[in-house]
Peer 1: 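Got a structure for you, written out below as structure tokens; questions coming shortly.
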Amino acid sequence: MRLIMLGPPGAGKGTQGGMLARALEVPHIATGDIFRQAVREETELGRRAKSYLEQGELVPDEIVVGIVLERLQKPDCGKGFILDGFPRTVQQAEALEEFLQKEGKALTGVILLDVDPEVLVERLTGRRVCRQCGATYHVRNMPPREEGRCDECGGELYQREDDREETVRHRLDVHERQTRPLRDYYEKQDLLHVFDAAQPIEDVFAAIMEQLGRGR
Ligand code: ADP
Ligand code: ADP
Ligand code: ZN
């Protein structure tokens with residue numbers, strides 16, 4: 001299965017992407033996670049990406065595309081992958097398409113998580129992430145068993161710098177301008193599947209699995 005998770009910040013791409021990756025046994029490749037790790041480790045990539053992340057702007061296509069295509073060539077992607085947060089521009093989508101074509105592969109589908117903006121602000125400002133393993137929580141919708149601690153690994157939970165309200169609103173704006181056009185792009189290729197992401201996490205997951213023919 002080669003899937004793309006599409007949708008605005010906060011729609012649940014990371015949450016559903018992680019669940020799908022476990023269920024389908026394919027890697028979950030989240031470009032935001034790759035960049036945040038690079039910033040943390042102060043690598044060359046981290047230095048180039050840092051200011052874009054802080055401001056809620058997109059990292060330039062030429063940087064992002066190289067990173068993702070390199071990742072997709074790793075052996076664990078042989079069985080497929082779940083891309084989360086990529087592509088975010090038509091140019092990125094075209095680069096991916098060209099790469100897959102050369103490899104003689106095609107996308108299985110694009111999962112669009114659709115939900116209205118007011119819900120998104122609440123989700124993003126309440127989001128907490130594990131510093132150690134990247135697991136995602138929400139202060140109200142999905143609290144950890146012990147406050148401030150990850151259920152999975154006991155790591156410390158923190159709020160992403162770009163999940164403060166001002167940056168959140170800007171990111172939603174950037175999404176409207178730069179990423180929304182991808183809906184048409186994939187719709188035209190008959191790859192787009194739209195899900196109501198305002199439903200509870202388990203219900204969204206069940207709907208996606210059903211669509212993939214893996215329903216219970
Ligand atoms: P994205 O990767 O699209 O930015 P996340 O998966 O990180 O979104 O989810 C954003 C926040 O909303 C997280 O705090 C997550 O726990 C919460 N969340 C995700 N899906 C749902 C849902 N269906 N209902 C309520 N809260 C959700
Ligand atoms: P969210 O899950 O809230 O949508 P991400 O974790 O996917 O956020 O992305 C965080 C930040 O990383 C983005 O605001 C952007 O700066 C950068 N980023 C991630 N993926 C891409 C991409 N495909 N193209 C450009 N920038 C990206
Ligand atoms: Zn953890």
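We count residues from 1, following the sequence as given.
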Peer 1: Looking at His170 and Glu165, would you say the former's side chain and the latter's main chain have a donor-acceptor pair under 3.5 Å?
Peer 2: no
Peer 1: How far does CD of Glu118 sit from CZ of Arg123, to the nearest 0.5 angstrom?
Peer 2: 12.5 Å
Peer 1: With a 4.5 Å heavy-atom cut-off, do Leu24 and Leu3 have their side chains touching?
Peer 2: yes
Peer 1: Please determine whether the number of non-hydrogen atoms from other residues, nucleotides or ligands lying under 6.0 Å from atom CZ of Arg71 exceeds 12.
Peer 2: yes
Peer 1: Just by distance, do the side chain of Gln16 and the backbone of Gly12 share a donor-acceptor pair under 3.5 Å?
Peer 2: no
Peer 1: Is the number of heavy atoms from other residues, nucleotides or ligands under 6.0 Å of Glu44 CD greater than 12?
Peer 2: yes
Peer 1: I'd like to know if the side chain of Thr125 reaches the main chain of Val121, judged simply by a donor and an acceptor atom lying under 3.5 Å from each other, with no hydrogens or angles considered.
Peer 2: yes
Peer 1: For Glu25, I'd like to know if atom CD has over 12 heavy atoms of other residues, nucleotides or ligands within 6.0 Å.
Peer 2: no
Peer 1: Can you tell me how far CZ of Arg128 sits from CG of Asp163, rounded to the nearest 0.5 angstrom?
Peer 2: 8.0 Å
Peer 1: Heavy-atom distance under 4.5 Å between the side chains of Cys150 and Pro144, does that happen here?
Peer 2: no
Peer 1: Would Glu166 and Arg169 count as a side-chain contact (heavy atoms from CB on, under 4.5 Å) here? Give the steps.
Peer 2: CA-CA 5 Å; Glu166 321 79 76; Arg169 298 215 180 257; over 6 Å; no
Peer 1: Is the count of non-hydrogen atoms from other residues, nucleotides or ligands lying under 6.0 Å from Glu176 atom CD greater than 12?
Peer 2: yes
Peer 1: Supply the atom-to-atom distance Phe81 CZ to Lys105 NZ, rounded to the nearest 0.5 angstrom.
Peer 2: 7.5 Å
Peer 1: Linking I/L/V/M/F/W/Y whenever any side-chain heavy atoms sit under 4.5 Å apart, do Val174 and Leu182 land together?
Peer 2: no
Peer 1: To the nearest 0.5 Å, what is the distance between CG (Asp184) and CG (Leu192)?
Peer 2: 9.0 Å
Peer 1: Can you check whether Asp114 reaches Phe195 side chain to side chain, under 4.5 Å on heavy atoms?
Peer 2: no
Peer 1: Looking at Tyr158, is Arg131 sitting on its ring face, NZ or CZ under 6.0 Å from the six-membered ring centre and within 45 degrees of the normal?
Peer 2: yes
Peer 1: Would you check if the side chain of Arg180 reaches a backbone N or O of Arg177 as a donor-acceptor pair within less than 3.5 Å?
Peer 2: no
Peer 1: For atom CD of Gln178, decide whether the heavy atoms of other residues, nucleotides or ligands shown that lie under 6.0 angstrom number more than 12.
Peer 2: yes
Peer 1: For Leu20, run the side chain to side chain contact (heavy atoms under 4.5 Å, CB included) check against Asp84, Ile111, Val26 and tell me which one passes.
Peer 2: Ile111
Peer 1: Answer yes or no: is there a donor N or O on one side and an acceptor on the other, between the side chain of Gln189 and the main chain of Tyr186, under 3.5 Å?
Peer 2: no
Peer 1: Going from CG on Leu191 to CD on Glu97, what distance comes out if it is rounded to the nearest 0.5 angstrom?
Peer 2: 8.5 Å
Peer 1: Tell me whether Ile34 shares a hydrophobic cluster with Leu58, the cluster being built from Ile, Leu, Val, Met, Phe, Trp, Tyr side chains joined at under 4.5 Å.
Peer 2: no
Peer 1: Taking Val110 as the starting point, is it possible to reach Met1 by hopping between hydrophobic residues whose side chains are less than 4.5 Å apart?
Peer 2: no
Peer 1: Between Arg171 and Asp162 (side chain of the first, backbone of the second, donor and acceptor by atom type, cut-off under 3.5 Å), is there such a pair?
Peer 2: yes
Peer 1: Please assess Val65 against Phe99 for the test side-chain contact (heavy atoms from CB on, under 4.5 Å), listing each intermediate value before the final yes or no.
Peer 2: CA-CA 10 Å; Val65 167; Phe99 168 81; over 6 Å; no
Peer 1: Please confirm whether the backbone N or O of Leu113 pairs with a side-chain atom of Lys13, one donor and one acceptor, at under 3.5 Å?
Peer 2: no
Peer 1: May I ask you to say whether Arg164 pairs ionically with Glu161, meaning some side-chain N is under 4.0 Å from a carboxylate O?
Peer 2: yes
Peer 1: When hydrophobic residues are tied together by side-chain contacts of less than 4.5 Å, even through go-betweens, does Val129 share a cluster with Phe35?
Peer 2: no
Peer 1: With no hydrogens and no angle check, is any side-chain donor or acceptor of Glu57 less than 3.5 Å from a backbone partner on Leu53?
Peer 2: no
Peer 1: Under a 4.5 Å cut-off applied to non-hydrogen side-chain atoms, are Ile67 and Leu45 in contact?
Peer 2: yes
Peer 1: Output the distance between atom OG1 (Thr15) and atom CG (Asn141), rounded to the nearest 0.5 Å.
Peer 2: 10.0 Å
Peer 1: Using the rule that two of Ile, Leu, Val, Met, Phe, Trp, Tyr join whenever any of their side-chain heavy atoms come within less than 4.5 Å, decide whether Leu124 and Tyr52 are in one cluster.
Peer 2: no
Peer 1: Look at the side chain of Arg88 and the backbone N and O of Gly85, then say whether any donor-acceptor pair between them is shorter than 3.5 Å.
Peer 2: yes
